[in-house]
There are 2 protein chains.
Amino acid sequence: MQLAILLFDGFTTLDAVGPYETLSRLPGAEAVFVGERTGPHRNELGSLGLIADAALGEVTAPDILVVPGGPGQTAQMADGPLHEWIRAVDAGTSWTTSVCTGSLILGAAGLLKGRRATSHWLALDQLPALGAEPTGERVVFDGKYVTAAGVSSGIDMGLMLAGRIAGDAVAQGIQLGIEYDPQPPYDAGSPDKAPAEITATLREKSRFLLTRQGWQPSGGGAES
Amino acid sequence: MQLAILLFDGFTTLDAVGPYETLSRLPGAEAVFVGERTGPHRNELGSLGLIADAALGEVTAPDILVVPGGPGQTAQMADGPLHEWIRAVDAGTSWTTSVCTGSLILGAAGLLKGRRATSHWLALDQLPALGAEPTGERVVFDGKYVTAAGVSSGIDMGLMLAGRIAGDAVAQGIQLGIEYDPQPPYDAGSPDKAPAEITATLREKSRFLLTRQGWQPSGGGAES
């Protein structure tokens, strides 16, 4: 069972690592990080490089595809070799997945038309223009398409998917192995739970970032 | 404010990425991945390489040190250049931290003597031999020494530490930015919550792995 995780410059690290750390522990899983070029890809902050061991053309039949998001997502929206590859491998996947603004890439590649999906809360309002129907759920299953909300939600997605693929006991073993017994010190992890002024600040900052990048957000914006 | 994250071959990815993804978002933070050599370090599974941009000697005064764990921890227990570096930078840190079996490395370097600490649940019983007092808490603060339990606990640690350093509002903003509103599909993330047979299976598997590596666990064992 091959798990292919896409890398591009400006990805958000945890978007990729959450699904990886869970799904790569499935029995028989073989994970490969794949990029338009092999070698290091820098994350959004520039302070961390992850290595893509395979180029797109070297990964032709993954069982699971994971597309992360992050500010670099904005440069992955145009049709071209990446979208062609995503569509080609999607034709054979058992599961095509995304975390955070990775769903915008899946959507731009044409895979979310008429599907329920999610994204980072700051990017949800960009889904309809790509033909998808945004939901407020943290992890959304629509057939074989699984999209997760912002950044850390990929851990929950990975465990849910592990359960579907290998059964509850295996998924629980993975959860126990990574000691995922979350105890966040605050209850501020979603826009309706965080203090209103903090939600407003992030929304404003996101709008500024998108404007600077030349984006025309329809309302909210994308930040990961 | 410099955040130094140690890499070594065989580390567990999320051990390093959890604190990184939270603490590197602090205002003024500058994160650097550091290793005994610069360049790629492969994780425990071998399928992912993270790049250390700095060698030990190039990072002399970090404000925060993060030591991850993982199966490769067993090769980091002998005194030598790594321990010397850890002790030297610890003399100047504001916070010296670990995730998972990273606490065994801190302990082996002599930094946890007489201190309360934690580790991956399978490694807790190795702490007393290193002079530390194990606790059942997910994140343990003892002065400037902060140790977190297995793998995913580094996210909680990062947010707690972010709150201590920059205040609750900043930490809540980071939590909202990474949309950390955990919704695990199971409640199996700690040995007392998981089904007993799953806990027993992991304990047995861990013992096997340690024996194979030539380790002499005092009872449980280390797996990350």
Side-chain angles (χ1 to χ4, degrees), chain A residues 3 5 12-14 17-18 20-21 24-25 30-33 40 45 47-51 53 100 120-121 138-139 149-153 155-156 159-160 163 168-169 171-173 175-191 193-195 197-199 201-202 223-224, chain B residues 3 5 12-14 17-18 20-21 24-25 30-33 40 45 47-51 53 100 120-121 138-139 149-153 155-156 159-160 163 168-169 171-173 175-191 193-195 197-199 201-202 223-224:
Chain A
L3 166 69
I5 299 154
T12 294
T13 315
L14 187 53
V17 168
Y20 170 73
E21 200 67 278
S24 66
R25 296 172 188 267
E30 174 225 332
V32 60
F33 283 80
L45 301 165
S47 48
L48 178 56
L50 265 67
I51 295 171
D53 287 320
C100 201
H120 192 286
W121 62 274
R138 187 161 171 83
V139 180
V151 192
S152 62
S153 63
I155 302 173
D156 296 324
L159 288 175
M160 287 180 200
D168 292 344
Q172 287 170 318
Q175 185 181 3
L176 181 56
I178 64 166
E179 210 164 340
Y180 186 47
D181 180 27
Q183 295 172 23
Y186 311 99
D187 189 14
S190 75
K193 292 177 178 174
E197 65 276 17
I198 290 174
T199 303
T201 300
L202 263 72
E223 191 196 38
S224 185
Chain B
L3 167 68
I5 299 154
T12 294
T13 314
L14 188 53
V17 168
Y20 170 72
E21 200 67 276
S24 66
R25 295 174 188 266
E30 174 223 332
V32 61
F33 282 79
L45 302 165
S47 48
L48 178 56
L50 265 66
I51 295 171
D53 287 319
C100 200
H120 192 285
W121 62 275
R138 186 161 170 84
V139 179
V151 192
S152 62
S153 63
I155 302 173
D156 295 325
L159 287 176
M160 287 181 201
D168 292 344
Q172 288 170 317
Q175 185 181 0
L176 181 57
I178 64 166
E179 209 163 342
Y180 186 47
D181 181 27
Q183 294 172 25
Y186 312 101
D187 189 15
S190 75
K193 292 178 178 173
E197 64 276 16
I198 290 174
T199 303
T201 300
L202 262 72
E223 191 196 36
S224 186

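So you know, we letter chains A, B, ... as the sequences are listed, proteins then strands, and number each from 1.
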*For A194(B), enumerate each residue passing the side-chain contact (heavy atoms from CB on, under 4.5 Å) test, keeping only those at least two apart in sequence or located in another chain.*
L176(A), A188(B), T199(B)
*With a 4.5 angstrom heavy-atom cut-off, could you sort out which part of I5(B) is near chain A: side chain, backbone, both or neither?*
neither
*Hey, which of V17(A), V32(A), L45(A) has the most heavy atom pairs under 4.5 Å with chain B?*
V17(A)
_Please classify the contact between P182(A) and chain B as side chain, backbone, both or neither, with a heavy-atom cut-off of under 4.5 Å._
both
*Considering all heavy atoms of both residues, which atom of A149(B) and which atom of E179(A) are nearest to each other, and what is their separation?*
CB-OE2, 3.4 Å
*Contacting moiety of Q172(B), where chain A heavy atoms sit under 4.5 Å*: both
*asked:* Can you tell me which of P184(A), G173(A), S190(A), A31(A) forms the most heavy-atom pairs within a distance under 4.5 Å of chain B?
replied: P184(A)
_Part of P40(B) lying under 4.5 Å from any heavy atom of chain A_ = both
*Residues that Y180(A) engages under ring-ring contact (aromatic ring centres under 6.0 Å, His included), provided they are two or more places apart*: none
*Going by an N to O cut-off under 4.0 Å, is there a salt bridge joining K193(A) and D181(B)?*
yes
_Which one wins on heavy-atom pair count under 4.5 Å against chain B: L50(A), L48(A), T13(A)?_
L48(A)
_Heavy-atom side-chain contact between T12(A) and H120(A) under 4.5 Å_ = no
*asked:* Quick check on the interface: out of G18(B), S153(B), P195(B), who has the most heavy-atom pairs with chain A under 4.5 Å?
replied: P195(B)
_Where L14(A) and E21(B) come nearest, the two heavy atoms and their spacing_ = N-OE2, 2.7 Å
